[in-house]
Q: 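This structure is in structure tokens; I'll ask about it shortly.
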Amino acid sequence: MKKYIMDCDPGHDDAIALILAARHLDLLGITTVGGNQTIEKVTTNALKVLEVIGRTDIPVHPGSQHPWIQKLETAPQFHGASGMDGPQVPVPTTQPRSTHAAQFIVDTANRAGRISLIATGPLTNLATALQLDPMLADKVEEIFIMGGSVTFGNWTPAAEFNIYVDPEAAYKVFNAGIPMRMCGLNLTRQAFVADKDLEILKGINNRVALFCHDLLRFFIDSCRKTAYIPGANLHDVCAVAWAVDPALIKAVDMHVQIELQGKYTRGMTVCDYRHLRNELPRQDMVHEATARFRGEQPNCAVGVELAVESFFSLLYDTIKSY
Ligand code: BDR
Ligand code: CA
């Protein structure tokens, strides 16, 4: 069985992603990163989730408080002052571990020989781990990330939050030569939940379902108020779902680069799929019939289509199983 570390910044969708990961994957540890909220808050939130699902055996290692070169930008307008507002969960009885997240990733890869990573926050810890151990890339089988977009962004017109918060770290990770599986907004917008999903969770009516209900009640309301959308997207859950069941996501290989300079586009994932131009709809082929692909080789499998019904069956069956 493959061994995983999940790097996250809970976060409502991170919390649900953790619930899925802890049930289906051999999770050697959770690392936390400053993102949706400060490192202290997201670490407490990760411990709370593990307590709710009865998995306090999984160690939590806090990592980077802020991005490589810029100030941390958090997302209280979506996730509240605590980073996981909504459910009333007591202060966790367990403590985070003292080894820094990046060091934990390096040590675990050396001990296990080979690991896979899932990242649902800014990529600061992963980039720092690659910096600490230049041989780490050879020991990482694949990285599933929630981040970026083939189409438009959410934090800016061009950039998605996780990449926008630490573009230099994202650049390091995307260019490390590790097989990448990217769940960008173009995919995660298909994992859409609204009031009807709250009813399903109420119907399941166990401790974990009611916790998820309270998470989504808050998240749906804040997305409504802040982004004017009639529900919420389970962004981070897609990255875990891909690791659990690859058949859930149709992906296309692309060369993805991180924009570091652009005045309007910093943090954008520039996705090059010109090599597929002959497979695109007719209007895109105009003047292209004889053109040759002059781009870089693909470095990333980019999720484009989610098997929505099966995704939600997996999620609700998992919640029921707790
Ligand atoms: C990403 O940003 C965070 O607010 C969510 O947890 C998710 O990881 C979506 O852009
Ligand atoms: Ca997240």
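Index from 1, following the sequence. Just follow the structure's listing: the first ligand is 1, and inside any ligand the first atom is 1. Please read all numbers here as calculations on a predicted model, not as lab measurements.
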Q: Carefully, step by step, assess His24 and Thr318 under the rule side-chain hydrogen bond (donor to acceptor under 3.5 Å, both in side chains).
A: CA-CA 9 Å; His24 296 281; Thr318 304; 2.8 Å; yes
Q: Please indicate whether any nitrogen or oxygen in Asn36 is less than 3.5 Å from any nitrogen or oxygen in ligand 1.
A: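 Asn36 vs ligand 1: N/O contact under 3.5 Å present.
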Q: For N/O/S atoms only: which one belongs to Asp9 and is nearest the Ca ion (ligand 2)?
A: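 Considering only N, O and S atoms, Asp9 comes nearest to the Ca ion (ligand 2) through OD1.
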Q: Which atoms from ligand 1 have a heavy atom of Met146 less than 4.0 Å away?
A: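 So the atoms of ligand 1 that pass are 1 (C), 7 (C), 8 (O), 9 (C).
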Q: For the residue pair Ser64 and His100, what are the closest heavy atoms and their distance?
A: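 Reported closest heavy-atom pair: N-NE2, 3.5 Å.
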Q: Whether Lys202 and Asp197 form a salt bridge (side-chain N of Lys/Arg under 4.0 Å from carboxylate O of Asp/Glu) is what I want to check.
A: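 Here Asp197 does not pair with Lys202 in a salt bridge, since their nearest N and O are not under 4.0 Å apart.
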Q: Taking 3.0 Å as the cut-off, does an N/O/S atom of Thr120 lie below it from the Ca ion (ligand 2)?
A: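 Yes, since at least one N, O or S atom of Thr120 sits under 3.0 Å from the Ca ion (ligand 2).
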Q: Taking both backbone and side chain into account, is any N, O or S atom of Asp236 nearer than 3.0 Å to the Ca ion (ligand 2)?
A: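 For Asp236, the answer is yes, given that an N, O or S atom comes within less than 3.0 Å of the Ca ion (ligand 2).
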Q: Could you tell me whether Glu141 and Arg114 make a salt bridge, using a distance below 4.0 angstrom between a side-chain N and a carboxylate O?
A: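 Salt bridge: yes.
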Q: Please report the shortest heavy-atom distance between Ile118 and Ala239, naming the atom on each side.
A: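 In terms of heavy atoms, the two residues are closest at CG2-CB, 4.1 Å.
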Q: Give the contacting part of Asn154 toward ligand 1: side chain, backbone, both or neither, where contact means a heavy-atom distance below 4.0 Å.
A: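 It is the side chain that gets close, since no backbone atom is under 4.0 Å.
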Q: Here's one to test your reading of the geometry: is the NZ or CZ of Arg23 within 45 degrees of the ring axis of Tyr322 and under 6.0 Å from its centre?
A: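 Yes, a cation-pi geometry.
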Q: What protein heavy atom sits nearest atom 2 (O) of ligand 1, and how far off is it?
A: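 Atom 2 (O) of ligand 1 sits closest to the protein heavy atom Phe161 CD2, 3.4 Å.
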Q: Would His79 count as a contact residue for ligand 1, given that I'm defining contact as a non-hydrogen atom of the residue lying under 4.0 Å from a ligand atom?
A: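 His79 counts as a contact of ligand 1 under the 4.0 Å cut-off.
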Q: So that I can tick it off, tell me whether Arg266 and Glu168 are bridged by a salt bridge, with the cut-off set at under 4.0 angstrom between side-chain N and carboxylate O.
A: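 Salt bridge between Glu168 and Arg266, a charged N being under 4.0 Å from a carboxylate O: yes.
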Q: Looking only at distances, can you tell me whether any N or O atom of Asp9, backbone or side chain, sits closer than 3.5 Å to an N or O atom of ligand 1?
A: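 In this structure, Asp9 places no N or O atom under 3.5 Å from an N or O of ligand 1.
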Q: With atoms numbered from 1 as shown, which atoms in ligand 1 lie under 4.0 angstrom from a non-hydrogen atom of Asp236?
A: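 Answer for ligand 1: 5 (C), 6 (O), 7 (C), 8 (O).
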Q: Counting each atom of ligand 1 from 1 as listed, which ones have a heavy atom of Asp13 under 4.0 Å away?
A: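 Close to Asp13: 5 (C), 6 (O), 7 (C), 8 (O).
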Q: Got a salt bridge between Lys225 and Asp221, using NZ or NE/NH1/NH2 to carboxylate O under 4.0 Å?
A: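 No, this pair does not count.
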Q: Output the list of atoms in ligand 1 that are nearer than 4.0 Å to some heavy atom of Thr120, sorted by atom number.
A: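 Taking each heavy atom of Thr120 in turn, ligand 1 has 8 (O) under 4.0 Å.
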Q: Glu160 heavy atoms, cut-off 4.0 Å: which ligand 1 atoms fall inside?
A: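 What qualifies from ligand 1 is 1 (C), 2 (O), 9 (C), 10 (O).
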Q: Tell me whether the centres of the aromatic rings in His235 and Phe161 are closer together than 6.0 Å.
A: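 No.
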